[in-house]
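For reference, the structure is listed below as structure tokens.
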Amino acid sequence: MTILGIPILTLIVFAPLAGVALLLFVDRSAESLAKWITLLVSGITFLFSLPLYWLFDETQAGFQFVEKVPWINTWGVEYHLGLDGITLFLVMLTTLLTFVAVLGTWTQADRHVREFMITMLLLEVGMNGVFVALDVFLFYVFWEVMLFPMYFLIGVWGSDRRLYAAIKFVVYTMTASVLMLAAILTMYFLNYKATGEFTFSLLSWYELDVGLPVQYWLFAAFALAFAVKVPMFPFHTWLPDAHVEAPTAGSVLLAGVLLKMGTYGFIRFAMPLFPEATDAALPLLITISVIGIIYGALVCMVQPDMKKLVAYSSVSHLGFVMLGLFALNAEGVEGGVLQMLNHGVSTGGLFLVVGMIYERRHTKTIAEFGGLMKVMPIYATLMLIIVLSSLGLPSLNGFVGEYLILVGIYQVSPLAAIISASAVILAAVYLLWMFQRVFFGEVDNPKNLGLKDLSLREIAVLAPLIILIVWVGVYPKPFLDKIGPSAQKFIQMVQVPASSRTQVVLAPRSGRAAPQVPHSQPERR
Amino acid sequence: MSAYLWLIPALPLAGFLVNGLLGRSFGKTFVAVVGPGVVGLSFLLSVLAFLQMLNTPGMVTSQSVFTWIDSGSLHIPVAFTVDRLSGLYILIVTGVGFLIHVYSVGYMGDEEEYGFWRFFCFLNLFIFFMLLLVLANCFLLMFVGWAGVGLCSYLLIGYYFKRPAAASAAKKAFVVNRIGDFGFIIATLIIFTVFGTLDFATVLAEAPYRLEAGGALVTAITLLLFLGATGKSAQIPLYTWLPDAMEGPTPVSALIHAATMVTAGLYMVARLSGLFMLAPYTMAVVAVIGAATALFAATIGLAQNDIKRVLAYSTVSQLGYMFMAMGVGAFAAGIFHVMTHAFFKALLFLCSGSVIHALHHEQDMNHMGGLRKKMPITTWTFVIGALAIAGLPLFAGFFSKDEILWQAFASPRGHVAYWVIGAVTALITAFYMFRMVALTFFGASRVDPHHAPHVHESPWSMTLPLIVLAGLAIVGGWIGIPHVLGGDNLPNVLEHYFDGFFPAIPETAVHYEASVELMLMGVTTVLALFFMWLAFRLFSSKREQMAAFREKMGGVHSLLANKYYIDELYDLIVVRPIHFISDKLLWRIVDVRIVDGIVNGIGNTARNLGGTLRLTQTGLIENYAVGIALGAVIIFWFLIF
């Protein structure tokens, strides 16, 4: 599938670069023009990503829209892109949220607007690239491309303690990246040892059976790198600080997309590459997911700052996503993938609405507010819908994902399901308590009296998210149908018996492994 | 042929959407037509569906609308079923619901436009979710309605959002209900694992084969479901939200917190009676909790002065009654009381609303009295409601209450203790109801002199529903006339209606002479009459002596007036510890001190190290990163090769 002669995935990934190029010619002071260009470019990118939904063949589990050209021949690096049912929606979520974030930040970006917009567009390139790259080298390049704009978003356009938050973000993610890089290079050499071929092709690596002690180490390196990103307990403490300091657009993309990099990494790399290690680590991973769910929810309850509250709720919600993936059955994995999407929409939405009130009052402290229902009824209504989606009210999106995850994990560990289900109580407590303190009661703070309700632009920002919240909640079938086959394939890969893969023989040095055996396809469970 | 079933819930949903999107621009009249209108249409369709169901072989009609969730082995269609249980329920929900909508047009008429609009939106949404709950043919769809009515309850309790008490009450109701929801969700997970489906019909049909009767599994499932029921239907230990819920507008109290939503727990137990009958232990728990709640809440009702709070505790108590009936296996009796209670309790609430409306939002009975001359319709309809709940023969409550008491005594699962508790509760009920009648409508007026001259009867939109409900509170019980009274001439219509619907109790019943039943009936009736008279006399003309009596009873009275300090107890043993752990331990110590401490420590060490190794310090993080990466690769290299 090509548009204007350009393959569609390449087009989607690099379209924002056209915007960057245009912006470089825009005068620094022409802020309005810079915004319009960015909005237009991100809007067009979103439109480009829409046909993916219709063109995607849901009867197929493999990668689609594949592009493959040699890039750095000496190292065996390829420019290799592709999309499956899992990344299909992640890419669409990314293009949508970028557009929404740009529109949402319209009146909030106050300094270096042009540079801000460039950063946003570069971030979009990195994010989409990470999701579609099938060459591990290329993946790593995009991964780094994505981290730096986020670092700048926090460090340059953040609020008071932005430097502390940015450095903390970097320390965490750099440590993670470095671990991952080491593991990637090791895999590269291992693959060479096994097949005699230098390649970063992920699909080739899938055929590899890494021996046991090494597999544990490599899995640990990948898992740790991604766990920081998710973030899983106890690697989550960068998240509240990053969110509190980041500008709204940064928070939206950080929560909506960047956290999904972690869960996506587990799906695409850590788990299918190292099935035995995954199997051995499952009890531990399930345990810390459950801890994260409850821990995040408990800590949420006592947060005085709205953004911090939403940030901690992400820890809890992402715990659910991980739990679904670790269930390794259809309901759990499909629920987990759907919940990645749901979290992006709901939490992205929550950060947007918090940003809207922050723009008006320059504070996010819950105690500063009260009685806003009277002053800002439209705002209150839209926020309530997003809050309800986030706390998993049936008929809205969050419930479908959470319930599927619970069904999935219950078949593996009833105890984990029961403990994490109690988060439905806690989520109601922290979100509604926040809602109550902000919106109910008399307007007792005179600063809140003259607040303006949402503008048409702000309603337009939230509208697509609200539509998705209701759509996925009432009729999730179109989403689940497309996720299903890819989820099934993921499960098969993690459960595939090691014997069908090419073994890495570590000694003697010259040992070549048996020829590659094609993937066996076990029966659907 | 039943392709219109989806319209029954869809109409109120459409009302919600139309009013929600257009209502504000089209004004109050538009809202006041659409809101009650859709519920009225829904009622007509419900009648049609009910009649059609009666004439269908097997007395079940259903319609599948679309597939909701389809993932792995989980298939959840959106499908509706009308059978004898849900058929009766949709009549109650839409019928009483319509009357209360009409009443609300008058009651909420003084509200500003924004409030009026919001109120009717939420009320329609509530009817939608309630119908979804009732018509659902599987656990998960029922749960959508189940949680949805909880949401509407939250929104409507918090309707007067400026009042902090209303805001807190709303949140409390939602959170307490979520505790029940937790039980419900876990139960569905177990059921899905055992049966591979969440469809009611399949689960009930296969339950005897897949679950061992009396076994741990079915006991766990039913206890978890019952936890859900205690939340929704306000039973011990989760009843505390309902009295607080009276912060909502009075029509809401009548519709949601008396007639419909709070009976959802009973509906669920009745719908799943096949499962509950397999778990005798759970049934005993249901009966004991029901009996305990009935008595406990009734005693609190004795010492409340807020007119709506008395009714709220009365509702908790009556719901306990119904659970007691179901616990002893008398499902039909429980549902019978659900129906009559919907009539007379909605009536009582609406009458109290009429009073509150007339007195400019005064709810304290100490500031009422002598209203009967100025508000005759309200007074006499209220008296009819009070007579119905107190169990005066021929009134609706008499038949249903008597049926429950008799079953509590005579059912093989029954016990004389249940009968005693039920009878004592009935007497207390008679007493506090006529205390209310006396304090509100009789005796000398204690109304605030500012308002006294303006007190007047409510408009017809309010009194008409009162009159209709009063009629139902009288005749509603006649469909369940016991054999000992009706003989062959007056058949027990309800018993015939539910014939074979609920599972029979396996144990054989002891056969009692008709004289035993008549004697028990007589004893409770005479005593109830005495207590009505006593309360009426004491509180209409001897209030001073009562005050002195209350002084003497100081300790007991304050225990009752403060609701046994249960709220304070929950706060102490649940709310505060969780808050403390979350705040002081998890956040400020684990997160800030331990995890961040380590991270910052590493950062500082790195910085100090950087200072020492000045030569290698380039200030660029990438260089460090490359260094670490190379180091790591070397380590791996040694490990592997």
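Neither the backbone nor the side chain of A:Trp238 comes within contact range of chain B; no heavy atoms are under 4.5 Å apart. Only the side chain of B:Ile186 comes within contact range of chain A, with heavy atoms under 4.5 Å apart. At a 4.5 Å heavy-atom cutoff, A:Ile483 makes no contact with chain B through either its backbone or its side chain. With a 4.5 Å cut-off on non-hydrogen atoms, B:Ile190 touches chain A through its backbone and its side chain both. For B:Tyr154, the part sitting under 4.5 Å from any heavy atom of chain A is the side chain, from C-beta outward, and nothing else. For B:Leu198, the part lying under 4.5 angstrom from a heavy atom of chain A is the side chain only. Interface remark: A:Ile184 contributes no atoms to any contact with chain B (heavy atom separation under 4.5 Å). Heavy atoms closer than 4.5 Å to chain A are found in both the backbone and the side chain of B:Leu74. Neither the backbone nor the side chain of A:Val333 comes within less than 4.5 Å of any heavy atom in chain B. Contact of B:Thr67 with chain A is made through backbone and side chain together, with heavy-atom distances under 4.5 Å. With a 4.5 Å cut-off on non-hydrogen atoms, B:Phe143 touches chain A through its backbone and its side chain both. Contact annotation for B:Ile76: neither backbone nor side-chain heavy atoms come within less than 4.5 Å of a heavy atom of chain A.
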Pair B:Phe120-B:Phe116, ring-ring contact (aromatic ring centres under 6.0 Å, His included): steps then yes or no
CA-CA 6 Å; B:Phe120 275 97; B:Phe116 191 78; 5.0 Å; yes
Any chance you could lay out the side-chain contact (heavy atoms from CB on, under 4.5 Å) test for A:Glu331 and B:Phe192, step after step, and finish with the verdict?
CA-CA 12 Å; A:Glu331 296 88 355; B:Phe192 180 71; 4.3 Å; yes
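Using a cut-off of 4.0 Å between Lys/Arg side-chain N and Asp/Glu carboxylate O, A:Lys374 and B:Glu112 are scored as salt-bridged.
The choice from B:Ser73, B:Ala165, B:Ala166, B:Gly150 that makes the most heavy-atom pairs within less than 4.5 Å of chain A is B:Ser73. Each of B:Ala170, B:Gly145, B:Ser168 has some count of heavy-atom pairs under 4.5 Å with chain A, and the biggest count is that of B:Ser168. Your options are B:Val144, B:Val78, B:Thr188, B:Leu140, and the one with the most heavy-atom pairs under 4.5 Å with chain A is B:Leu140.
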